[in-house]
Amino acid sequence: MDNIQISRILYETAFWMEMAGENAFAIRAHSRAGTTIKRCGRPVTTLLREKKLQTLPGIGAGLAKSIEEYVTTGKLQQLEELRSQFPRSLYGLLRIPDLGTKSIRLFYETLGIATLESLKENSLNGELAKLRGFGKKKIEKLLAGISFAEAQEGKFLLPRAERAAEEILTFLKTLPQLQKCAVTGDLRRYSVIVEELHFIVLSSEADTVLDALKEKYELQPVEKNEKAFPVFQTPEGIPFHLSFVDEASHWIPLMLASTGCAEHLAQLKTLCKDNGISWEGHVLTDSAGKTLNFETEEAFYEALSQPAYPPEVREKIQLISSDRPLDLVESSDIRGLVHCHSTWSDGAHSVEEMALASSELGYEYMLITDHSRSSVVANGLSEETIIEQHQEIDRLNVKLNGIRVLKGIEADILRDGSLDYGDDILKTFDWVIASVHNGLDMTEKEATDRLIRAIEHPYTAALGHPSGRQLLLRPAYDFDLEKILDAAVANQVALEINASPRRLDLDWRYIRLAAEKGVQFIISPDAHRIAGLQNVRFGVAMARKGGLSSCQILNSRSEKEFLQWQKKP
DNA sequence: GCCGTTTTCGGCCCGACTGTTTTCAGTCG
């Protein structure tokens, strides 16, 4: 059980306490404890063992007892009791952007609204408009939020899908009837979000394997389409299905087919025809009718005179010929971790802990970019704390071997496009990433002007999470991408490929366009804790989907080259 | 529910922004 799980339980408890009308300060204490634990660098389970839970600010005897109960039993009686008083679906309404607990409670108590459907109905039939504080604009906004939330239903972020797939694979591998299994589909291609998991299995006893799965997992109540095999679902509701082959020679064709995407597959089939290969079902045969048995996908692509397309680039893009070899960035090309937070703002680990972890992962440098002063809730750095942080970094660089810590900042782009420090402060940083964190409700023109002004700022080296989207939570703001890309090239500002799996921003579909215009990139973990450093691999996958090679990624350069690239005045 | 240069209950309580109001409530980061 990790800190994130525990913090979620505290937030949920706070939600139901508010629904139940409990003491506002008690509610606040729970949600603040949630934040404290989320940002705590040490595992709460360790603190609990050492009886040090109450050393955390805002955790007293009561909360410590609750946390202990949850950690040891996996349940929290108080939460169970609260949940039992209400329809569980109320909690899900929080997914609607701009809708908070106060409104949810009001809707429930006055109109009995507990589900997304009912909320939508009451928004449309005028019932909601009768409530004080709900005018035309608010209801319009609410309906847009409902549509967004509806569109996200049944979608999952990559890490969650990965964890689920890992568990299923582990289970499958225990079955003696199974020779081989693998995960394919959207997850293998590193799709930004995953709706279902697809596994392929080599076994001559498909029925036995399916029976074993039926015993362990629930079948999805409504079977999708007319798939040959049933659709199961994981305990957390992720649908998955399996495809079987019983001949080893069918393995690669099945793997290609189930990995997709459909357009890539169609192009492969055309290429097969051109090369005298017939592809029927999962059987590949040459012009003489002899079955072709490819050991690997690479061998298959080679037979088609194509470069070996790794799964993540098999998207709706024209295949290129083999005279232009794929030269895609690899995780091992990344030499520096840029955009990392620390305990100076809202990170869970100290600069030193983050630096040591980066060093252990083999990186040569790390750019610490804590939040700037406008991000009050994220504990953004005041001008005084910047000086202290820089002194600490200087001391660390004397002490640490093998890794260099660079002084950066994730400066807020204010509504008018300016940054929230003056030049006298900005010039003290090695690198400045400028990001939008608030005032997201802009028109396309406002957002574009705002971003361009930030790009034109002499100290901006990179634009952080350019579109502002948070996957499954809120859409990107509207902006004129071409203008932003042109401004980035003209002003020598890099665009970030934010590798946090809840952002993956810039989206890979825009990366291609950006690259054509000559934009340079950074791939950054946006890590708020040591574990977050690992997110870089998602960013690398997105860069690869976008067709980037290492020369387009600034943090694949040496520290010196990375620093020299920017146009500091 | 937590906290205390208030030692035992009373105070705690971000700030900007929006949309609804005409002085405020809700949401967000």
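So you know, we letter chains A, B, ... as the sequences are listed, proteins then strands, and number each from 1. What you are looking at is a predicted structure, and each value in this text was computed from that prediction instead of being measured.
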- [ ] Using the C1' atom as the reference point in each nucleotide, state the distance between B/dG19 and B/dC13 in Å, no decimals.
- [x] 23 Å

Task: Span that lies between the C1' atom of B/dT20 and that of B/dA25, in whole angstrom - done: 9 Å

Open item on the list: Need one value for A/Arg32: base, sugar-phosphate or nothing, where a base atom within 4.0 Å counts as base even if backbone is also close, heavy atoms only.
Closed with: nothing

TODO: For A/Arg132 and for A/Gly100, find the nucleotide of DNA chain B with the closest heavy atom, then tell me which residue's nucleotide is more 5'.
DONE: A/Arg132

TODO: Remember a base hit wins even if backbone is also touched, and classify A/Asp98 as base, sugar-phosphate or nothing at under 4.0 Å, heavy atoms.
DONE: sugar-phosphate

- [ ] Could you check whether A/Ala24 gets within reach of a base, just the sugar-phosphate, or nothing at all, counting any heavy atom under 4.0 Å?
- [x] nothing

- [ ] Return yes when atom OH of A/Tyr365 has more than 12 non-hydrogen atoms of other residues, nucleotides or ligands closer than 6.0 Å, and no otherwise.
- [x] yes

TODO: Report the base-pairing partner of B/dT8 (Watson-Crick or G-U wobble, both distances below 3.5 angstrom), or none.
DONE: none

Task: Integer angstrom distance from the C1' of B/dT23 to that of B/dG29 - done: 25 Å

- [ ] Would you check, one step at a time, whether the test side chain to side chain contact (heavy atoms under 4.5 Å, CB included) holds for A/Gln152 with A/Arg474?
- [x] CA-CA 10 Å; A/Gln152 312 313 311; A/Arg474 64 160 197 244; over 6 Å; no

Task: Set of residues satisfying ring pair (Phe, Tyr, Trp, His ring centres under 6.0 Å) with respect to A/His457, sequence neighbours excluded - done: none

- [ ] Quick one: label A/Arg373 by what it contacts on the DNA or RNA (base, sugar-phosphate, nothing), any heavy atom closer than 4.0 Å.
- [x] nothing

Open item on the list: By the 4.0 Å heavy-atom rule, please label A/Leu440 as base, sugar-phosphate, or nothing.
Closed with: nothing

Open item on the list: Using the C1' atom as the point on both nucleotides, what is the distance between B/dC3 and B/dT7, in whole Å?
Closed with: 11 Å

Open item on the list: With no hydrogens and no angle check, just 3.5 Å: does a side-chain donor-acceptor pair link A/Asp505 and A/Ser467?
Closed with: yes

Open item on the list: For a quick check under 3.5 Å, do A/Glu410 and A/His341 share a side-chain donor-acceptor pair by atom type?
Closed with: yes

Open item on the list: Could you tell me how far B/dT8 sits from B/dG4 if I compare only their C1' atoms? Round to whole Å.
Closed with: 9 Å

- [ ] Tell me, please, the opening and closing nucleotides of DNA chain B, 5' to 3', among those with an atom under 4.0 angstrom from a non-hydrogen atom of chain A.
- [x] B/dG1 to B/dG29

- [ ] Give one of base, sugar-phosphate or nothing for A/Ser375, where a contact means two heavy atoms less than 4.0 Å apart.
- [x] nothing

Open item on the list: So A/Thr101, base contact, sugar-phosphate only, or nothing? Heavy-atom distance under 4.0 Å.
Closed with: sugar-phosphate

Task: Inter-nucleotide P distance (B/dT6, B/dC12), Å rounded - done: 13 Å

- [ ] Between A/Leu63 and A/Phe134, name the one whose nearest nucleotide on DNA chain B is closer to the 5' end.
- [x] A/Leu63

Task: Residues A/Ser500 and A/Asp526: side-chain donor-acceptor under 3.5 angstrom - done: no

- [ ] Would you please classify the geometry between the A/His528 ring and the A/His371 ring as parallel, tilted or perpendicular, with 30° and 60° separating the classes?
- [x] tilted

